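Order of the sequence lines sets the chain letters (A, B, ...), proteins ahead of strands, with each chain counted from 1. This structure is a prediction, so every number in the text was calculated from the model and none was measured.
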There are 2 protein chains.
Amino acid sequence: MAGKRTRATIKDVARRAGVSPTTVSHAFSGNGTVAPGTADRVREAARELGYRPDTVARGLRSSRLGVLGLVVRPLDPQDTAFLEGVDYFLRFAGSAALAAVERGYGLMLVPDPTRADAPAVGLACDGFLITEPVENDPLITMLTRECVPFLGVGRDPARPASPDYLDLGTRRIVTDVLDHLAEAGGSRVAAVLGTDRNEWNLDAETAYLAWVRARGQEPLAVRRAEVAGEAGGREAGEELFGLASPPDAVYCQTGRHAAGVLAAARAKGLAVPGDVRIACGSDSDSEQTRLSVPPITSVDLRPVRLARVAVEVLVDRVEGIEQSPAPGPAEYELMVRGSTRG
Amino acid sequence: MAGKRTRATIKDVARRAGVSPTTVSHAFSGNGTVAPGTADRVREAARELGYRPDTVARGLRSSRLGVLGLVVRPLDPQDTAFLEGVDYFLRFAGSAALAAVERGYGLMLVPDPTRADAPAVGLACDGFLITEPVENDPLITMLTRECVPFLGVGRDPARPASPDYLDLGTRRIVTDVLDHLAEAGGSRVAAVLGTDRNEWNLDAETAYLAWVRARGQEPLAVRRAEVAGEAGGREAGEELFGLASPPDAVYCQTGRHAAGVLAAARAKGLAVPGDVRIACGSDSDSEQTRLSVPPITSVDLRPVRLARVAVEVLVDRVEGIEQSPAPGPAEYELMVRGSTRG
DNA sequence: CTGAAAGCGCTAACAG
DNA sequence: CTGTTAGCGCTTTCAG
């Protein structure tokens with residue numbers, strides 16, 4: 001079932017319809033103007049031949065392929081951790097794909113095109129969505145140099161804010177969650193933070209430090225790699241609850257961390273909520289937070305909506321629509337659950 | 001940040017390296033032969049200019065773009081149900097993307113290219129993965145006609161088995177689950193089936209009917225659309241448990257259906273397991289089955305592995321590698337859980 | 001080993 | 001309204 005090129009070309013259609021290739025081109029692209037009758041003949045001929053314009057050839061001229069690249073960080077293709085963030089990521093990717101389709105684009109998952117082993121096609125995308133750029137993201141450097149449109153979902157923490165990044169509003173979110181923990185009765189709030197160098201982590205840290213200091217306390221933060229997951233959270237929890245004066249509330253950066261902290265608290269015989277309140281700054285739809293016992297208060301970052309907005313902005317950029325108004329901070333919703341609510 | 005074409009072309013590199021475009025082409029593609037020294041000069045010039053071969057132009061000649069299309073059925077882009085199968089689908093899509101990358105391909109989610117409103121780029125893919133083809137799938141018709149390689153993940157139920165389809169082994173799986181329900185004490189097993197016309201549903205029905213009749217009983221099957229989800233399952237459960245002689249075991253086709261049936265049983269005061277056993281023929285990782293109370297016995301279809309196999313086979317086809325041995329039925333594992341185990 | 005020439009399939013100017 | 005003429009950036013014979 002190999003088969004050489006069987007598809008009809010624009011010339012075949014032109015010949016059959018008794019017109020020039022240009023006319024066929026016009027008829028299909030809707031550019032120029034074609035007499036209705038002629039257009040019909042062209043369409044008819046094309047149908048008979050099973051002709052469809054070749055996207056690649058078209059892209060060569062118009063330097064627009066119709067493909068958006070989605071780059072997910074962290075990005076090591078070896079690292080199956082890629083699959084760990086499934087809940088949030090799938091919703092994001094799925095929604096982005098749909099939104100892209102609605103704008104006439106395909107959405108391709110690509111590994112970091114700056115890596116040597118990246119498939120060449122990665123570079124062919126008309127624009128890129130980069131979720132959670134890392135500090136001084138090399139991909140952003142490259143895209144900027146080559147004038148390829150992109151949109152960061154989250155800031156590059158080392159670069160100035162700009163319309164090139166969607167603002168996740170991390171500090172505001174984290175502060176809200178911390179306030180909620182305090183309202184729920186937490187008087188000493190610890191934090192379990194991640195280690196990736198992205199907006200989400202770096203801003204969360206900043207926000208936590210500021211919040212704690214504003215209350216005249218010393219920060220009590222531990223860090224665990226995102227990929228350490230529930231086990232990492234459990235470790236962190238054991239560390240925190242083993243202290244001489246343990247926290248009575250814990251803010252966690254990921255749902256998996258939170259689930260681990262919860263497990264550690266329960267293992268230690270601590271009531272949740274009661275002795276300890278736990279909340280998570282992300283990923284409210286994850287199994288870990290939603291279906292744990294008790295369920296863990298967390299934040300719905302609206303990945304479906306976020307992806308849609310991101311695609312809209314990116315497509316506008318790709319199509320050269322002038323500065324689509326940079327949307328404000330992403331919407332979110334605090335999902336208060338049993339882990340902080342008597 | 002619009003910017004016209006800034007990227008260096010092969011000519012620029014040729015000029016700078018003092019050679020012809022042909023030589024540059026050879027140096028990069030590894031085709032012809034280039035003297036080591038010349039190749040170095042070319043590479044050097046390219047580096048200085050930040051040159052990278054243009055994938056689109058390259059694809060024009062070689063008619064190989066390096067992109068695999070992933071078509072998910074059912075496929076209505078309007079229908080957010082697309083997002084509902086998240087657990088299984090994400091794992092599948094994520095894993096497929098990784099496997100594709102490892103073979104040097106990009107993996108693009110595309111809507112059914114046979115639809116009128118589909119983005120043209122859908123057609124540009126070098127090959128397609130079609131998860132759960134529907135009966136007489138029009139996409140398969142088109143791809144066959146145009147000699148575009150594809151691989152169905154699941155058979156087209158209306159076409160003869162062939163190496164073009166990965167065998168999901170549905171009948172075997174369903175039979176195993178039914179056997180398990182019987183072993184767990186079920187003497188009258190009902191089925192809640194789906195409505196999509198794909199291998200999964202049609203073969204499940206066949207297998208169920210055969211299994212029941214082999215035991216000298218009459219089938220007791222209800223159907224609910226996949227998208228009806230938990231509510232649909234609940235309805236189905238109410239219907240079944242409201243019968244004069246209700247079943248004492250229910251096979252469900254989807255995790256959501258199973259969760260609904262479970263809810264219906266509990267609402268009716270039936271013990272699960274005890275009065276009723278429930279098992280699900282798919283999607284063991286879904287929240288619905290894994291984290292319900294009790295958790296629901298289901299089947300791990302190994303989507304991560306399945307996707308990897310599918311990509312391997314498809315890439316072999318795309319690259320014209322002769323008949324990579326069609327892999328046998330997909331592996332799976334019955335995950336026995338509380339819903340069938342005292 | 002290297003290069004000149006001829007396109008891949010399509011579209012973008014311009015002319016008619 | 002339609003056709004002619006040039007290519008897009010790259011690869012590919014096929015001569016040197």
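Residue A:Val56 is out of contact with every strand shown, counting any heavy-atom pair closer than 4.0 Å. Residue B:Val34 is classed as a sugar-phosphate contact, given heavy-atom separations below 4.0 Å to backbone atoms only. Contacts of A:Phe28 with the nucleic acid, taken as non-hydrogen atoms under 4.0 Å apart, are absent. Residue B:Thr38 is classed as a sugar-phosphate contact, given heavy-atom separations below 4.0 Å to backbone atoms only.
Rounded to an integer number of Å, the gap from A:Ile10 CD1 to D:dG3 C1' is 13 Å. If you take NZ of A:Lys11 and C1' of C:dT11, they are 13 Å apart, rounded to a whole angstrom. For the pair A:Arg58 CZ and C:dC8 C1', the computed distance is 16 Å after rounding to whole Å. If you take NE2 of B:His26 and C1' of C:dA4, they are 12 Å apart, rounded to a whole angstrom. For A:Asp12 and C:dG9, the CG to P distance is 9 Å, given to the nearest whole Å. The distance from atom CZ of A:Arg52 to atom P of C:dC10 is 13 Å, rounded to the nearest whole Å. The CG-C1' distance, from B:Leu65 to D:dC10, rounds to 13 Å in whole Å. With rounding to whole Å, B:Asp54 atom CG is found 13 Å from D:dT11 atom C1'.
Phosphate proximity of D:dG3 to A:Thr23: present, with a side-chain N or O under 4.0 Å from OP1 or OP2. Listed pair A:Ser20 / D:dG3 meets the phosphate criterion, a side-chain N or O lying under 4.0 Å from OP1 or OP2. Contact annotation: B:Thr9 side-chain N/O to D:dG9 OP1/OP2 distance is not under 4.0 Å.
Looking only at distances, a side-chain donor or acceptor of B:Thr144 sits under 3.5 Å from a matching main-chain atom of B:Ile140. With hydrogens and angles ignored, the 3.5 Å screen pairs no side-chain donor or acceptor of B:Asn198 with any backbone N or O of B:Val134. Although no hydrogens or angles enter the test, the distance criterion places a donor-acceptor pair under 3.5 Å between the side chain of B:Arg41 and the main chain of B:Ala17.
Both B:Thr22 and A:Pro21 sit near DNA chain C, but only B:Thr22 has its closest nucleotide nearer the 5' end.
With sequence neighbours left out, A:Asp156 forms a side chain to side chain donor-acceptor pair (under 3.5 Å) with A:Arg159.
Closest contact between the side chain of A:Thr33 and the listed nucleotides D:dG3, C:dC1, D:dC1 involves D:dC1. Checking D:dC10, C:dG3, C:dC10 against the side-chain heavy atoms of B:Val19 singles out C:dG3 as nearest.
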* Could you go step by step and tell me if B:Glu44 and B:Arg47 meet the salt bridge (Lys or Arg N to Asp or Glu O under 4.0 Å) rule? -> CA-CA 5 Å; B:Glu44 171 66 8; B:Arg47 214 187 37 67; 3.4 Å; yes
